[in-house]
Amino acid sequence: TILVSLDVQNAINQAVARFKYWEEEAVGLVTAMVFSAAGCSSKSQQTESSAAQAEKTPENSQEKAQGGEPVEIVYLNSHADVWEGDVGKEIIQKFEESHPGIKVKTESYPFDQMIEMVEVKMKSKLSDFDVLNVDAPLVTSYSVRGYLEPFENYMSRDELDKVFTQTGLNAAAYDGKVMTAPKRESGMIMVYNKDILDENNIPYPAYETDKRMTWEECLDICRQVTKVENGTTTCWGIIGDQINRVWNVMPLANSLGAAWLSEDGLTATGYLNSEASVKAMTFYQDLFNKYGVSPKGVNTNEAREMFETGKVAFTWGDPVCYARAKGKGINVGVCPVPYFEGGVPAVGCDSWHIGINANSKHKEEAAEFIKYITVGEGSSIFLDSQNNIGANMERIARITDASAPDHEVYALLASDLENYSVSRPKTPGYNEWSDVVNAAIEDIRNGADVKTTLDTSAARIDDILKKYTK
């Protein structure tokens with residue numbers, strides 16, 4: 001097991017500087033890109049349990065266990081808290097016990113360093129790792145440049161259809177192939193502090209999805225509960241769980257019908273700066289500036305702490321924000337994420353996937369490990385530790401059952417995921433696109449002119465993405 005030190009991280013950064021982020025050889029591939037959905041239907045009946053499928057051991061691994069040395073696979077990941085801790089050790093131990101011909105070694109990096117390490121290793125076509133975490137929006141980018149071995153080469157489409165959600169498979173798809181396996185899923189719920197609403201004699205928002213409140217109604221409540229004493233705000237109305245990130249903010253624009261990038265993933269002008277987008281981001285800015293119901297100058301971790309210590313009435317994010325607050329003693333309730341009056345409900349989706357290094361020398365063994373931690377016993381161990389719904393249909397059926405703890409939270413999440421989820425754009429330049437958009441969100445939050453900021457950002461993105469249209 002390797003937990004990367006600061007010195008190694010610095011070395012990574014230096015190495016990255018020697019490589020251009022995108023290679024010219026990828027350009028020719030992009031012009032032929034076809035973005036297609038996985039075309040997979042969600043089927044609830046299964047002829048064989050996903051856990052049983054994941055326990056199958058490849059013949060070559062069995063042969064190794066009977067005579068030769070076990071095959072060692074290396075898992076490149078960004079979750080040191082899991083994979084270098086008790087949960088990761090338990091998963092690996094149980095996997096190795098059920099797959100005696102395979103040993104698993106982990107290499108854990110902070111998120112940014114892992115993304116950089118993937119670039120360095122893949123550009124050099126290294127085979128010194130076999131399995132890697134893939135943030136869902138990067139599936140297209142990695143696939144375009146030949147970084148991934150298609151996962152469907154090791155699990156039939158029928159099997160994939162039976163065990164994974166359509167949302168998860170759509171995020172895993174590039175050019176008609178399922179490239180990765182969904183390890184987690186996100187989805188969105190609104191979480192509120194019951195005690196703050198009680199203190200202000202405000203009824204709890206409706207739980208039913210067809211009775212969800214509008215953003216305009218939510219703002220009205222937030223203005224009522226925001227308290228200022230001697231020039232200091234002691235109670236805030238609302239704060240996003242990922243306050244200045246695309247995943248958390250983009251659904252506001254989606255609710256008004258806006259998309260932040262063209263369908264082919266190459267044009268931002270007319271999308272990011274559309275009239276609907278400007279309207280949505282003006283509303284977002286007004287939360288912080290005009291109405292003062294959201295705090296300026298705080299980062300994501302600070303925003304989360306504020307809700308978890310009872311200083312904010314509402315937040316919206318994935319179920320982890322509910323679990324964290326509940327675990328710290330906050331009296332919390334859940335309701336659907338609001339939508340704009342005259343618009344439609346929209347929630348963020350997609351999360352971490354896991355893929356096979358196209359240069360790996362142990363692809364079958366890598367695939368077995370991936371099955372184990374996405375649809376096998378390891379999936380439940382991992383997702384339970386994360387309070388995450390996952391993209392495994394067996395798990396979703398189990399945790400949304402009326403007898404399961406917090407089933408109402410996951411049932412609401414699953415319903416909106418199925419009916420109202422919107423993925424982040426599929427584009428070969430996702431990292432660059434998200435960097436520009438995240439910066440725009442932060443500038444708008446701090447009071448920059450909305451239209452000018454979006455116009456400038458869209459033009460900058462278009463200029464960046466030109467290299468993929470040559």
Side-chain angles (χ1 to χ4, degrees), residues 30 33-44 46 50 132-144 147-188 246-247 250-251 253-255 257-266 271 318 337 344-356 370-371 374-375 379 383 388-397 410 413-430 433-434:
V30 176
M33 285 198 306
V34 178
F35 298 119
S36 59
C40 304
S41 60
S42 299
K43 303 176 183 177
S44 59
Q46 301 186 25
S50 56
L132 70 156
N133 277 6
V134 182
D135 196 10
L138 289 173
V139 170
T140 292
S141 176
Y142 286 0
S143 299
V144 166
Y147 289 3
L148 300 172
E149 171 78 7
F151 183 65
E152 69 174 42
N153 291 349
Y154 302 91
M155 196 170 187
S156 73
R157 290 302 289 263
D158 285 345
E159 289 178 311
L160 290 165
D161 286 352
K162 290 173 183 176
V163 297
F164 290 116
T165 64
Q166 182 176 352
T167 301
L169 288 175
N170 285 346
Y174 168 73
D175 199 19
K177 294 183 179 179
V178 176
M179 303 299 295
T180 55
K183 188 173 71 168
R184 292 179 23 147
E185 181 54 274
S186 55
M188 282 182 180
V246 168
W247 178 85
M250 190 180 75
N254 299 145
S255 177
W260 278 1
L261 202 62
S262 61
E263 189 173 349
D264 65 3
L266 299 172
Y271 297 90
D318 67 22
V337 173
V344 296
V347 298
C349 62
D350 303 332
S351 185
W352 286 102
H353 286 218
I354 187 165
I356 302 172
I370 291 175
K371 293 176 190 177
T374 57
V375 296
S379 174
L383 292 171
N388 191 271
I389 190 170
N392 176 344
M393 289 196 292
E394 281 188 344
R395 172 180 172 78
I396 294 172
Y410 295 107
L413 188 80
S415 175
D416 271 7
L417 272 171
E418 182 177 358
N419 295 299
Y420 302 116
S421 59
V422 181
S423 294
R424 286 160 287 177
K426 289 187 173 186
T427 173
Y430 180 80
W433 175 87
S434 64

With side chain to side chain contact (heavy atoms under 4.5 Å, CB included) as the test, would you mind laying out the steps for Ile356 and Asn153 before giving the verdict? CA-CA 11 Å; Ile356 302 172; Asn153 291 349; over 6 Å; no

Closest heavy-atom pair and its distance - [X], [Y]:
{"X": "Val134", "Y": "Tyr142", "answer": "CG1-CD2, 3.8 Å"}
{"X": "Arg395", "Y": "Gly390", "answer": "NE-N, 4.5 Å"}
{"X": "Gly265", "Y": "Pro428", "answer": "O-CD, 4.2 Å"}
{"X": "Trp260", "Y": "Met250", "answer": "CE3-CG, 3.5 Å"}
{"X": "Trp247", "Y": "Gly187", "answer": "CZ2-O, 3.4 Å"}
{"X": "Ser421", "Y": "Thr167", "answer": "OG-OG1, 4.0 Å"}

Name the one of Lys183, Arg184, Glu185 that satisfies side chain to side chain donor-acceptor pair (under 3.5 Å) with Ser351? Arg184

Gap separating the [atom1] atom of [X] from the [atom2] atom of [Y], nearest 0.5 angstrom:
{"X": "Ile354", "Y": "Leu132", "atom1": "CD1", "atom2": "CG", "answer": "7.5 Å"}
{"X": "Lys177", "Y": "Leu148", "atom1": "NZ", "atom2": "CG", "answer": "12.0 Å"}
{"X": "Asp416", "Y": "Met188", "atom1": "CG", "atom2": "CE", "answer": "10.5 Å"}
{"X": "Tyr174", "Y": "Ser141", "atom1": "OH", "atom2": "OG", "answer": "10.5 Å"}
{"X": "Tyr420", "Y": "Glu418", "atom1": "OH", "atom2": "CD", "answer": "10.5 Å"}
{"X": "Leu138", "Y": "Tyr430", "atom1": "CG", "atom2": "OH", "answer": "7.0 Å"}

Using only atom types and a distance under 3.5 Å, with no angle test, would you say the side chain of [X] pairs donor to acceptor with the backbone of [Y]?
{"X": "Thr427", "Y": "Leu266", "result": "no"}
{"X": "Asp135", "Y": "Pro137", "result": "no"}
{"X": "Ser255", "Y": "Pro345", "result": "no"}

Chi angles and distances behind the side-chain hydrogen bond (donor to acceptor under 3.5 Å, both in side chains) call for Ser156, Asp158: CA-CA 5 Å; Ser156 73; Asp158 285 345; 5.3 Å; no

Run the side chain to side chain contact (heavy atoms under 4.5 Å, CB included) check on Lys371 and Phe151 step by step: do they pass? CA-CA 10 Å; Lys371 293 176 190 177; Phe151 183 65; 4.0 Å; yes

State, with a plain yes or no, whether a side-chain heavy atom of Asp318 is found less than 4.5 Å away from one of Leu413. no

Which residues pass the side chain to side chain contact (heavy atoms under 4.5 Å, CB included) test with Ala172, sequence neighbours left out?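 Only Val178, Thr180, His353 meet the side chain to side chain contact (heavy atoms under 4.5 Å, CB included) criterion with Ala172.
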
Using the side chain to side chain contact (heavy atoms under 4.5 Å, CB included) criterion, which residues pair with Ser379? Sequence neighbours excluded. Leu383, Asn392

Between Tyr410 and Ile396, is the side chain to side chain contact (heavy atoms under 4.5 Å, CB included) condition met? List the steps. CA-CA 8 Å; Tyr410 295 107; Ile396 294 172; over 6 Å; no

